[in-house]
Trainee: 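Let me begin by handing over the structure; questions about it come next.
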Amino acid sequence: MRILPREGEPELGSARFGLLGPIEAWHGAERLQLGRRRERALLAILLLEANRLVSADRVIDLLWDGSPSDSARASLRSHVSRLRSCLLPAGRDRYGVRLEARGGGYLLATDPAAIDVNRFSRLVQQARDTVDVTARGRLLREALSLWRGPALADASSDLLRRRLATDLDELRLVATELAIDADLDCGRHEQAVAEVHRLIGDHPYREGLWARLALGLYRAGRQADALQVLAQARDRLTGELGLDPGPELRKLQQKILTCDPTLAPAAAGPVVAVQPSKPPQQVPMDIPEFTGRDGEQATLTALAAPAAQGRGSQPVVCAIEGMAGVGKTRFAIHAAHDLVRRGWFDEVRLWADLHGFDPQRTPADPGTVLGGFLRQLGVPGWEVPEDLEARAALYRSHLAGRRALVLLDNAAFEEQVRPLLPGSGPSLVLITSRRRLSGLDGVQPIPLDVFTRAEAIALLARIAGPERVAGHEADAARIASLCGHLPMAITLAARRLRGHPTWTLGDLARRLSADVSQEASFNLSYDALPPQRQRVFRRLGLNPGDQLTPQTAAALSGRSVAEADAHLEALLDEYLLYEVEPGRYRMHDLVLAYARDRAQTDESEQARHAAVRRLLASYLTWATQATLLVHPTESRRVARTLVAGQVELRTPTEAIAWTEVNLADLVATIRRALELPGNAPHQAVRLVHALYRPLANRGHSRERITLNELAADAAGRSGDQEGEAQTLEDLGVLCGQVGRLAEAVRHTKRALELWRETGNHIGEAGCLTGLGITYRQLGQLDEAVACLREGLAINLRIGHVPGEASALNHLGLALQSAGCCDEAIVCGQQSIARHRDLGDRTGEALALANLGWAYLRSRQPSRAIDCHRAALPLFRDWGDRYNESEQLWGIGQAYHALGDDDRARVHWHESITILRDLDVLRPAQAEVLLGQPVPDTPEIIRLNS
């Protein structure tokens, strides 16, 4: 049997290795004798890490199933010796392979194409990249033909096989499913059905196989059989696991029932893949004048090649380590772009600064970083779990099988990085750190030292010009020495030289010698800036957040946006900034520390505080505009006079996007402002208020509650009664949304007292409405109706129509819960009319939803369906997943009342799935509900409907 087709075969005379079945090796037609089972297992371990060093400790752990004997190390040496004699008969490299003992481990060097695992992975990746359905199927069948049985079938133990081969077996099954998909798209329905039937016998709980079987039967004209298969799948999952089918099977059932035209097969031939959205490409821009590090670049390229070329099933993790200023970040960014230019890792590129060594910032929380990554990967904020492990699992799922490059800059410790690593697939992770991260499994260290003399001179010539350096190598070497051979310091010094055409290298060396501090090159660059630019530079160091834009730079520096933009571009030219993406900049951590020190020395405390206050005021202006776009009738949380011409937000979508993108910087600025004297805490409290509407139903519950708690405390300490009242009122709503009802009542009652003390009737009415909502959730309906009627009366008396519309909406909901459905319907209709008059689509949608519940409770299910269906697209357009789930539940309840439980279950199950994804329902709770023919109403919907 040939292990490899002709294409991509190893060179003539080389051995070929088979791991996709029994562990075997061939030379031509000759099958090599590999010794006993433990020698064969040793070969498999080394082949799976071919051309990479495997530590002796790891080999011992695998060969002895985690329980090595005292003599294991000596035994390992004997096994290696015997295996070497098999592969290198008479000590000669006859088969194109080397087995070396090196650095406390072992390395097996061979042509990667000689290993069937790599050939299989490459063919599968080629198939994934092929748009022609027929060609894709042919490549997948060719890949599957390499399998001769279970991977590593004769490994020394079942435990070892599970530890090494589980991912390979899963990849085989995935490739088989893809091949079946190709058959279905090419019209080979009967062949696909027969193959899936066989696979289901071995994998009875794999829902994707049941879906393919049903689809094949449907496309073969057997609709009834397809529905019967889906019923069997449901019975199997429910009866044996207690689980209901997932959304894929439920949606397929609905499509088969309605003969959905999207179930038709694709034409056999080229098809165009529709991309839902552009994948994230976050890596900062490359450094055009980068030089040196050729050896490290070659090492990194060799390490990345297996993942990039589909020859491995595990991500490659490289730690770029070295002292501050040695150029770790610049090298990582340049290396990443070099790999991308090769066509590698072209699907996803993620980047995060973990702030591991910034004395003024806490190291980045991995959960927060994962939240940002998931949003970049297309996960809406409301679907990002709160729990770290749940976020990490979802992140790994989104990267599985994708050619991803993840750059983690300034890592502090292993625990910070570990949740951010992909789980499987052709990924590369680049980590930069000043510490060794040897505690990470499988990490490949790439240490960076200071530049050599030759590299330092080459960098100097690259930036300043080769003609300036030629013939003056001694002065160039002295400059490099004065800069400590640190790339960043050399870059800044060379930039100074280029900016002074009359200077010689000797002149530059003398200027550096005059400053004996370690910051000589920074001082040289700073002193060369015009005074205005110096002021801008040091004030940029006062930014509490991570990123700089022309708007934030303008606020910090006290300049116009156009002037600030010009200064940013000039500082970019001076290498004192780097550009993350067009219009967004960052400072290297050493430059940031230098800018802060300069601000501390050269700016008064008053000027430093004023810069942060201006930034806070700028953010408040933007957040105000975002609020008014999302909720045009808002009159209490923002002052309309704050909106200025510099704000460029135009639509609710832009408003929400601005808030999401800048949330981390907004939070950092609010925290910093709450520490300042004077009016800054008051403005920070107002910014918290202004973020309430744009972040509504977007997730971030933990962050929002924490911010409001801090703001309430600050307002209370400063005697800002109105600020404290509004913050506590909002905190009550937020606590109610996550089920903390006793806290919600306490916060809202305190807010009500404060509003009454200040004589603010709008705030008083708003708190009464909020209390009514919470009392209804607690089941205290008399108290709920009384509060809502009192709030409505106040709004009517003062002519506050938005408050009146809201109070009518929630009064109707409380009345229907109390059994007064006719009055509830009148309240709902009046609320909808008022919201429409105000042009408030959000309020209209909420009122429609609540009117739907009133119709359902008054035994008018058809009208209930009309209301919920009218509200559903509005919530979907805004990305409000909770209210989307509530409408789906209401439609399900209405169909149940009409006796159509099949349609009801489709909507119930979709609603439960959303609530589970939102982490409102725990997975176990969702499973119980999904298994019930008529599921119990989830508590969160019961409380809010």
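Residues take their numbers from the sequence shown, with the count starting at 1. Note that these values count all heavy atoms, side chains included, but never hydrogens, waters or copies made by symmetry.
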Trainee: Can you tell me if Arg834 uses its side chain to pair, donor with acceptor, with the backbone of Gln830 under 3.5 Å?
Mentor: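 At least one qualifying donor-acceptor pair exists.
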Trainee: In terms of ring plane angle, is the pair His868 and Trp853 parallel, tilted or perpendicular, where the classes change at 30° and 60°?
Mentor: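 The arrangement is perpendicular - the two ring planes meet at more than 60°.
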Trainee: Going through the checks in order, is the salt bridge (Lys or Arg N to Asp or Glu O under 4.0 Å) test met by Arg903 and Asp900?
Mentor: CA-CA 6 Å; Arg903 283 190 173 183; Asp900 190 346; 3.8 Å; yes
Trainee: Could you go through Ile825 and Gln860, starting from their C-alpha distance and side-chain angles, then the distance that decides it, and tell me whether this counts as side chain to side chain contact (heavy atoms under 4.5 Å, CB included)?
Mentor: CA-CA 11 Å; Ile825 289 171; Gln860 300 180 66; 3.9 Å; yes
Trainee: For atom CZ of Arg863, is the number of surrounding heavy atoms from other residues, nucleotides or ligands below 6.0 Å larger than 12?
Mentor: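 Atom CZ in Arg863 is not packed in, count stays at 12 or less.
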Trainee: Whether the side chain of Gln887 engages the backbone of Ile891 through a donor-acceptor N/O pair (distance < 3.5 Å, no angle test) should be reported.
Mentor: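 Here the side-chain-to-backbone pair does not exist.
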Trainee: Looking at every heavy atom in both Cys767 and Ala751, which two are closest together, and how far apart are they?
Mentor: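 Heavy atoms of Cys767 and Ala751 come nearest at SG-CB, 3.5 Å.
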Trainee: Scan side-chain atoms only and decide if Trp908 and Gln893 contain a donor-acceptor pair under the 3.5 Å cut-off.
Mentor: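 On atom types as modelled, these side chains qualify, holding a pair under 3.5 Å.
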Trainee: Heavy-atom distance under 4.5 Å between the side chains of Pro802 and Leu838, does that happen here?
Mentor: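 They are in side-chain contact.
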Trainee: Short question: side chain of Ser831, backbone of Ala805 - any donor-acceptor pair under 3.5 Å?
Mentor: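 Side chain of Ser831 to backbone of Ala805, a donor-acceptor pair under 3.5 Å: yes, one is there.
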Trainee: Taking all non-hydrogen atoms of both residues into account, name the closest pair between Leu728 and Ala712 and its distance.
Mentor: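 Closest approach of Leu728 to Ala712: CD2-CB, 4.0 Å.
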Trainee: Short question: side chain of Ser911, backbone of His907 - any donor-acceptor pair under 3.5 Å?
Mentor: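 Checking the backbone N and O of His907 against the side chain of Ser911, no donor-acceptor pair under 3.5 Å is found.
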Trainee: Closest heavy-atom contact between Leu629 and Thr651?
Mentor: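 The answer is CD1-O, 3.7 Å.
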Trainee: Determine yes or no for a side-chain-to-main-chain donor-acceptor pair under 3.5 angstrom, with Asp720 supplying the side chain and Gly723 the backbone.
Mentor: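 At least one qualifying donor-acceptor pair exists.
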Trainee: Locate the shortest heavy-atom distance separating Asn708 from Thr727; write the atom from each residue and the value.
Mentor: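 Heavy-atom minimum between the residues: O-CG2, 3.0 Å.
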Trainee: Less than 4.0 Å between a side-chain N and a carboxylate O, is that true for Glu910 and Arg250?
Mentor: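 No.
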Trainee: Verify whether the ring centers belonging to Trp755 and His761 lie closer than 6.0 Å.
Mentor: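 Ring-ring flag for Trp755/His761: false, centres at least 6.0 Å apart.
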Trainee: Does Tyr855 reach the side chain of Cys867, with side-chain heavy atoms less than 4.5 Å apart?
Mentor: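 Touching, per the 4.5 Å side-chain cut-off.
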Trainee: Are there more than 12 heavy atoms of other residues, nucleotides or ligands under 6.0 Å from atom CZ of Arg671?
Mentor: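 No, CZ of Arg671 has 12 or fewer neighbouring heavy atoms, counting only those of other groups under 6.0 Å.
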Trainee: Do you see a donor-acceptor pair shorter than 3.5 Å between the side chains of Glu844 and His835?
Mentor: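 The answer is no; no qualifying pair exists.
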Trainee: Would you please test Glu753 and Arg756 for salt bridge (Lys or Arg N to Asp or Glu O under 4.0 Å) and show each step?
Mentor: CA-CA 5 Å; Glu753 292 174 4; Arg756 283 173 171 165; over 6 Å; no
Trainee: Is any side-chain heavy atom of Leu710 closer than 4.5 Å to a side-chain heavy atom of Ile670?
Mentor: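 Of all side-chain heavy-atom pairs linking Ile670 with Leu710, none is under 4.5 Å.
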Trainee: Could you check Leu813 against Asn809 for side chain to side chain contact (heavy atoms under 4.5 Å, CB included), going step by step and ending with a plain yes or no?
Mentor: CA-CA 7 Å; Leu813 196 54; Asn809 179 26; 5.7 Å; no
Trainee: Run the salt bridge (Lys or Arg N to Asp or Glu O under 4.0 Å) test on Asp730 and Arg637 for me, step by step, so that the C-alpha distance in whole Å, both residues' side-chain angles and the decisive distance to 0.1 Å come before the verdict.
Mentor: CA-CA 10 Å; Asp730 292 345; Arg637 292 177 179 87; 2.6 Å; yes
Trainee: Under 4.0 Å between a side-chain nitrogen and a carboxylate oxygen: does that hold for Glu783 and Arg789?
Mentor: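 Judged by the 4.0 Å cut-off on N to carboxylate O distance, Glu783 and Arg789 do not form a salt bridge.
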Trainee: Might you point out which heavy atoms bring Ala555 and Arg614 nearest each other, and give the distance in Å?
Mentor: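 For Ala555 and Arg614, the tightest heavy-atom pair comes out as O-NE, 2.7 Å.
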Trainee: Determine the minimum heavy-atom distance between Gly772 and Leu788, stating which atoms define it.
Mentor: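 Taking every non-hydrogen atom into account, CA-CG, 3.9 Å.
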Trainee: Can you tell me if CZ on Arg746 sees more than 12 non-hydrogen neighbours from other groups inside 6.0 Å?
Mentor: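 Correct, the count exceeds 12.
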Trainee: Would you mind reporting whether Asp665 and Pro544 have side-chain heavy atoms less than 4.5 Å apart?
Mentor: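 The answer is no, as the side chains (C-beta and beyond) never meet within the 4.5 Å cut-off.
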Trainee: Please determine whether salt bridge (Lys or Arg N to Asp or Glu O under 4.0 Å) holds for the pair Arg636 and Glu729, giving the CA-CA distance in whole Å, both sets of side-chain angles, and the decisive distance to 0.1 Å.
Mentor: CA-CA 11 Å; Arg636 290 197 288 140; Glu729 182 184 341; 2.8 Å; yes
